[in-house]
Protein chains: 2
Amino acid sequence: MRDTRAELLMQAETLVRGRGYAGFSYADLAEAVGIRKASIHHHFPSKVDLGAALVAAYAARYAAALAAIRAEVPDGTGRIEAYGRLYLGGVEQGLGCLCAALAIEGEALPERLRRDIAAFFADHLAWLEEILRAGQADGSVRVGTDPAVLARFVIATLEGALLMERLFASPDAFRGTLAVLVDGLKA
Amino acid sequence: MRDTRAELLMQAETLVRGRGYAGFSYADLAEAVGIRKASIHHHFPSKVDLGAALVAAYAARYAAALAAIRAEVPDGTGRIEAYGRLYLGGVEQGLGCLCAALAIEGEALPERLRRDIAAFFADHLAWLEEILRAGQADGSVRVGTDPAVLARFVIATLEGALLMERLFASPDAFRGTLAVLVDGLKA
DNA sequence: TCTTGTCTACCATTAGGTAGGTAGATTTCC
DNA sequence: GGAAATCTACCTACCTAATGGTAGACAAGA
C-alpha cells in the first residue's frame, strides 16, 4: 500500500518550504506525487485544508523533536544548540521554515492559517522560555534577562539565519550564527 | 503632474511586503494605483522587471539610511541599534522586509531577482562588518568574534524578529529582541 | 453493497502578457 | 511660426495558460 495522503503532505511541505504557499499549485503537487490534480481534493478539499494539515504535521514533528531534546540534553545552552540544529537541517536541504513561508504572506493568508502559525511560534516560545528558565535556575544559562524575552530573541535569530543562509546556500554561515547565539546565552 | 511610475513602485512595494511576491498580481496593483492593468506593462514590461526595480529602489533607500547612520551616530552599538530601528518601522506598519518576501520563494524566484536580493544582503553584511570592526577598534563593541560572523548574526536576528513580530503585531517584542541584540554586542 | 480512492472532463476566474489604438505633449524641419 | 512627425502614457479588447475547484464515472476491497 502507498499512503497517498502522507505522500501528499510530504511533497507539499517540500514545495511550500521551497517556493512559498502562493508559489505552489495543486498541479505542481499532483505532478510531484504522480496523481491527478482532482484526486488531491479528495484528501484535501481546499488549499487551506492542505495548508492547515501541513502546519499541523510540521508542528507535531517539531513537538516530538523538542520533547526529545529536553529528554536527552541536560543543560540549557546545549538544548538551545540542539534546537538550532533543527533549523540547520533546512539550510542543508535548501528548504526554509514552513511557518516562515506562510507568515510572509501576511494579510493575504487565510485567517485560519495565520492562527495556526501563530500557535506554532507560541508553542516554541513557551518551550524555549521554560528551557531558558530552567537553564538560569541550574546555572547553565546567563541570568539578568527575562526568559520570555530571550526566547523571542532565539527564535528570531534562527528564523532569520535560516532565511538568509538558505539564500546563500551556506550551512557554515548558519553554524557561525548559531555558535554566536549559544555563546551569548552561556552563563 | 503625478508620477505614475513612482506611485506604482510605492504601491507594489506595499503589496509585496504585505503579501509576498507571488501573492500579488498586476490586477491588484492596477486597482491600488487606479490605472488599467495593461498600463503597468508600459512602465514595467514584465513582473520580473517590476521586482528588480522594487529591489533597486528599496536597496537605494537603505543605502541612504546606512550612510546617514554612519554619519550621525558615533559609536558601534548605537549604530547597530539605529540599524535595528529601520526594521522596527516594518513591524509598526505591518510590512515585512521586501527581500525576505522574495527570498522565501527560493527556487521559484527568477534568477535575476535572486541575484539582486543576494546583493542586497551582501551590501548590508559589508556595511555591518565595517561598523562592527570600527566599533571593536574604538572599544564600543565587544571583541573576540570575527566582525563578519557578527554581521550575519545581526541581520539574522533582525530579519527573524521582523518576520515573527509582524505576525504577532508586536513592536514591543521587537524592541525587546533589539535590546538583547545590542546589549550582547556591547564591550 | 457501500466506501474509498482515483480517474476524466469540465468549470469560472485569474494570471501575466499582447495588439492596436488614441489623446496630448514634444520635437523636427521647412 | 506652423505643420508634420514622433513620443509618452494611457486605454479597450483580447490571448493563452494556469489557478483552485466540481461532477460524475468507475474499479477495488471490506
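Every chain is numbered from 1 and lettered A, B, ... according to where its sequence line falls, protein lines coming before strand lines.
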By salt bridge (charged side-chain N to carboxylate O under 4.0 Å, His left out), which residues pair with [X], not counting sequence neighbours?
X      : value
A:E130 : A:R70
A:R85  : A:E81
A:R152 : B:E165
B:R115 : none

How large an angle, rounded to 10°, do the end axes of the helix from C:dT1-D:dA30 to C:dC30-D:dG1 enclose when each is built from five base pairs?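 The helix from C:dT1-D:dA30 to C:dC30-D:dG1 shows an end-to-end axis angle of 10°.
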Test: ring pair (Phe, Tyr, Trp, His ring centres under 6.0 Å). Region: residues 69-118 of chain B. Which pairs qualify, not counting sequence neighbours?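 Only B:Y83-B:Y87, B:Y83-B:H124, B:Y83-B:W127 qualify under ring pair (Phe, Tyr, Trp, His ring centres under 6.0 Å).
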Only pairs at least two apart or in different chains count here, so list each ring pair (Phe, Tyr, Trp, His ring centres under 6.0 Å) that has a residue in residues 167-187 of chain B.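 Every candidate ring pair (Phe, Tyr, Trp, His ring centres under 6.0 Å) pair involving residues 167-187 of chain B fails, so no pair, neighbours aside, qualifies.
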In a table with atom names and distances, give each donor-acceptor pair under 3.5 Å that connects a side chain of residues 175-187 of chain B to protein atoms at least two apart or in another chain.
residue, atom, partner, partner atom, Å
B:R175, NE, B:D172, OD1, 3.4
B:R175, NH2, B:D172, OD1, 3.2

Length of the [atom1]-[atom2] vector between [X] and [N], whole Å:
X     : N      : atom1 : atom2 : result
A:L15 : D:dT19 : CG    : P     : 12 Å
A:H41 : D:dT22 : NE2   : C1'   : 8 Å
A:H43 : D:dT22 : NE2   : C1'   : 16 Å
A:H42 : C:dT3  : NE2   : P     : 13 Å

Kindly state which residues belonging to residues 22-32 of chain B come within less than 4.0 angstrom of DNA chain D, counting heavy atoms of the residue only, listed by number.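 The stretch gives none, as no residue of it lies under 4.0 Å from the strand.
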For residues 22-29 of chain A, dump all side-chain donor-acceptor pairs below 3.5 Å to protein atoms at least two apart in sequence or in another chain.
residue, atom, partner, partner atom, Å
A:S25, OG, A:A27, N, 3.3
A:S25, OG, A:D28, N, 3.1
A:S25, OG, A:D28, OD2, 3.2
A:Y26, OH, A:F44, O, 2.9
A:Y26, OH, A:S46, O, 3.0
A:Y26, OH, A:K47, N, 3.3
A:D28, OD2, A:R19, NH2, 3.2
A:D28, OD2, A:S25, N, 2.9

Would you call A:R36 and A:E31 a salt bridge, using N to O less than 4.0 angstrom?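 So A:R36 does not pair with A:E31 through a salt bridge.
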N/O contacts under 3.5 Å, protein versus nucleotides 7-12 of chain C?
residue, atom, partner, partner atom, Å
C:dC7, OP2, A:R36, N, 2.7
C:dC7, OP2, A:S39, OG, 2.8

Fellow cluster residues of A:M10, listed by chain then number, with links counted only when side-chain atoms sit under 4.5 Å apart: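 Taking Ile, Leu, Val, Met, Phe, Trp and Tyr as members, A:M10 stands alone, with no cluster partners.
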